[in-house]
Amino acid sequence: ALGVLLFYSAWAQTFDMKKVGEMPERNTVFDVDGKIYSRLAGANRLIVSLNEVSPTFIDALLAREDTRFFQHNGIDFYGVGRALVRDLLSGSKKEGASSITQQLARNSLPLGGRTINRKLLEAMVALRIEHDFTKQQILELYINRIYFGAGCYGVETASQAYFGKSASKLNLSEAAVLAGLIRSPNRFSPLRNPDGAALQRDAVLNRMVELKKISVAQAQEAKASHINPHPKKMPMIQENYAMDAVQRDLNVLLTPDQVDQGGLYIYTTVDPSVQNVATQALESTLTRIEHQSNFRHPLKANYHPPEDGEDSSMPYLEGAVVVIDNASGGIRALVGGRDYSQSKFNRALPPANRQIGSSFKPFVYTLAFTNGLLPGAAISDGPIQPGEIEGAGNWAPGNSDGTYSGIQPASYGLIHSRNTMSVRIGQFAGLDQVQKIATTLNLNDKAPHGPAIYIGSFETNLKDLTTAYSAFPNAGVRKQSYIIERIDDQNHQPIYRAAHLSAPTLDPSAAWMTSQLMEEVLTHGTAASARSLGFKLPAAGKTGTTNDYKDAWFIGYTSTLTCGVWVGFDQPTTIIPRGYGAALALPVWVQVMNKSAARYPAKALEPTMPMARVTVCATSNALATTGCQMSGTAYEIVLPADKVPTQACPVHGGEPTEFAQRIESIPKAIPKLFQSFRKFFGGK
């Protein structure tokens, strides 16, 4: 016997007593307004101190589970003997004999199964717990750790879940009900079995009378009360793509132990109203597309998940939406697919990279404007001739509609997404510079070093592309997008704060020139259908469609929000014939931006720099002369002051125009009159 005692005592010494006090809580996730949005990881537990619990519950608990708790040292030998006698007399093993300390030991540490071996080890560990903790500490640990059914750990969570109140406000009947739950929480749940819960409650009350904790009259009054749970709706565990993004960032920002221990307070930038709108807009639009007569793919409504888990990719049409606050870079909504329960693959984040096509063109034009090209410059929209593009060999991409429009203003190429013009403008921007900007904007650090980059022949993900676009409403400054604003530990002490990083990435004036053209995309360009869809807000954006109509994009912004939408299949295939971004992605964007405008009002997009009205030559991009006027290449345009040419046209000769001469003498502080000229499109 002594040998057995020494063996189990030594075994008990191998356990870390710190684990007894470690209780995983769910990490609480808050939305942009500081309201509880979801919970992540850990058990559904709200830890409270002993003085935050009704003394009535403590009395009921001790009466039910361990009447001699304050007399024994972890093992109630009197209780063990009593249980043994009753088991022998009844011929069964119904009578338990575990003290509260023993129960705490087996609920805190991996002691093994329900065997005599486990019971002996449990007893020795209980002695250690009694040595290392006070009785008050043991009781506090127990009431926070124990399971009360319905997914509730700890008395505070159970009290709120069953009765809609704090554990400090439990009355006698409610306290007895919770104490009666502990031995069989699912069987005697007051939500599912109120009669069974009443029987257990009454047994607890009777025991409290025996121990003189309450009077007979108090017990009778408590027994007479009807068990009528008023469960408080606990914060839902949001299982969606936004929470997937939060979890991903947590895994980067914190250690696994910090995350798994739980009890963290995670303040995010998610706006539930925008998140819900984005989710609904994506689903309703894609469902409508599925019912078009030219759609030839499986429908989501007919999909049946496999019994052995989820598919690695969905056979039905998918999509993604990202909405970013321009002022901060905070992600207001992130939807990575149509149904998170069917597919956890987040199509808004890496590694869900897809070819972006024409949606990259605004950055190419911005670089060209930075290098001196003007929106009214005459550019050919004719077919690209073999060998015309440096380093491209016989590569000659055509326009998506198969037509060509001859010489057009450069602005026409972006507004109407002309591939031939965009490639030629890419040459003006410079291949090295275009590749560099793709890396600087975090779109792709391995974009191909070839002219195909001018029309977006490389891959990136929706979040990074949407973030890149937010540089346009921010005067060329790219703000790092983020979804976690702050993380506090269990003691409400901050352990992480978002850095709010930003960096100038685009020339502000060139970015404004491009932004003006993207406003026209929504009025009479490739996204002009936005107006017929009911979109009337001041905004700018760009469509994107890849080869064979496998990917459809629309990324656009107002003064307050930037929103990106992608539509396609997990296994790239043609969505529908002529399935442009304007037809497939734009309707989602319109719904999201229209419904978000109430909270994020859209103001007119205004320049942040002085503007000037000037007459220039479409051929030379220089100040127009009388020769330019005679040749018909002169046009008036409103430009950022620092983009006004300084030289007269060297091509057509003649004298500088009167207007050009006047512009040359205007100082940098341009009169406000010139700031009112916002539109420019060639000579129109």
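- The shortest distance between side-chain heavy atoms of L506 and F363 falls below 4.5 Å.
- One finds no salt bridge joining R497 and E485 here, because no Lys/Arg side-chain nitrogen approaches an Asp/Glu carboxylate oxygen to under 4.0 Å.
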Go through L286 and L282 one step at a time and tell me if the side-chain contact (heavy atoms from CB on, under 4.5 Å) criterion holds.
CA-CA 6 Å; L286 268 54; L282 184 66; 3.8 Å; yes
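- In this structure, I389 and V423 have side chains that are in contact, with non-hydrogen atoms separated by less than 4.5 Å.
- Between the CD1 atom of I455 and the CD1 atom of I425 there is a distance of 13.0 Å, given to the nearest 0.5 Å.
- T633 contributes no side-chain N or O that, together with a main-chain N or O of A618, makes up a donor-acceptor pair within less than 3.5 Å.
- Residue pairs that meet the salt bridge (charged side-chain N to carboxylate O under 4.0 Å, His left out) test with at least one member in residues 458-477, sequence neighbours left out, do not exist here.
- At least one donor-acceptor pair under 3.5 Å links the side chain of T574 to the backbone N or O of D548.
- Looking at Q591 and T285, their side chains do bring a donor and an acceptor atom within 3.5 Å of each other.
- Side-chain atoms of T625 come within 3.5 Å of backbone N or O of G653 as a donor-acceptor pair.
- Annotation: side chain to side chain contact (heavy atoms under 4.5 Å, CB included) contacts of P362 (sequence neighbours excluded): L414, Y469, F472, T514, M518, K542.
- Among residue pairs with one or both ends in residues 591-605, those qualifying as salt bridge (charged side-chain N to carboxylate O under 4.0 Å, His left out) are D33-R599, D271-R599; sequence neighbours excluded.
- Using a 4.0 Å cut-off between charged side-chain N and carboxylate O, D401 and R418 make a salt bridge.
- With contacts defined as side-chain heavy-atom distances shorter than 4.5 Å, the pair P375/I637 qualifies.
- Side-chain N or O atoms of N399 include none that pairs as donor or acceptor with a backbone N or O of G402 at under 3.5 Å.
- Among pairs with a residue in residues 420-435, those fulfilling salt bridge (charged side-chain N to carboxylate O under 4.0 Å, His left out) read E388-R424, at least two apart in sequence or across chains.
- Contact detail for A348 and V322: the closest heavy-atom pair is CB-CG2, 3.8 Å.
- Between atom OG of residue S359 and atom CZ of residue R354 there is a gap of 12.5 Å, rounded to the nearest 0.5 Å.
- Looking at T460 and N444, their side chains never bring a donor and an acceptor atom within 3.5 Å of each other.
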Begin from the C-alpha positions of D325 and T269 and carry the test side-chain contact (heavy atoms from CB on, under 4.5 Å) through to its verdict.
CA-CA 9 Å; D325 178 70; T269 62; over 6 Å; no
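- Put simply, the side chain of P645 does not reach to within 4.5 Å of the side chain of N621, judged on heavy atoms.
- In this structure the side chain of F535 reaches within 4.5 angstrom of the side chain of W589, judged on heavy atoms.
- Atom OG1 of T560 and atom CZ of R332 lie 10.0 Å apart (nearest 0.5 Å).
- Residues Y600 and T558 form no side-chain contact, since every pair of their non-hydrogen atoms from C-beta on lies 4.5 Å or further apart.
- Listed for the R347 side chain is a donor-acceptor partner under 3.5 Å among the backbone atoms of G336.
- We find the OG1-CD1 distance between T467 and I324 to be 3.5 Å, quoted to the nearest 0.5 Å.
- Between Y267 and F30, the distance from one ring center to the other falls under 6.0 angstrom.
- Between the D381 side chain and the T420 main chain, no donor and acceptor come within less than 3.5 Å of each other.
- Residues that satisfy the side chain to side chain contact (heavy atoms under 4.5 Å, CB included) test with A583, not counting sequence neighbours, are absent from this structure.
- By the 4.5 Å heavy-atom criterion applied to side chains, R288 and P587 are counted as neighbours.
- Note that CD of Q480 and CG of L501 are 4.5 Å apart. Values are rounded to the nearest 0.5 Å.
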The test is side-chain contact (heavy atoms from CB on, under 4.5 Å); show your working for Q427 and E390 and say whether it passes.
CA-CA 8 Å; Q427 287 285 94; E390 182 181 351; 3.7 Å; yes
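- Under the ring-ring contact (aromatic ring centres under 6.0 Å, His included) criterion, F458 pairs with F360, not counting sequence neighbours.
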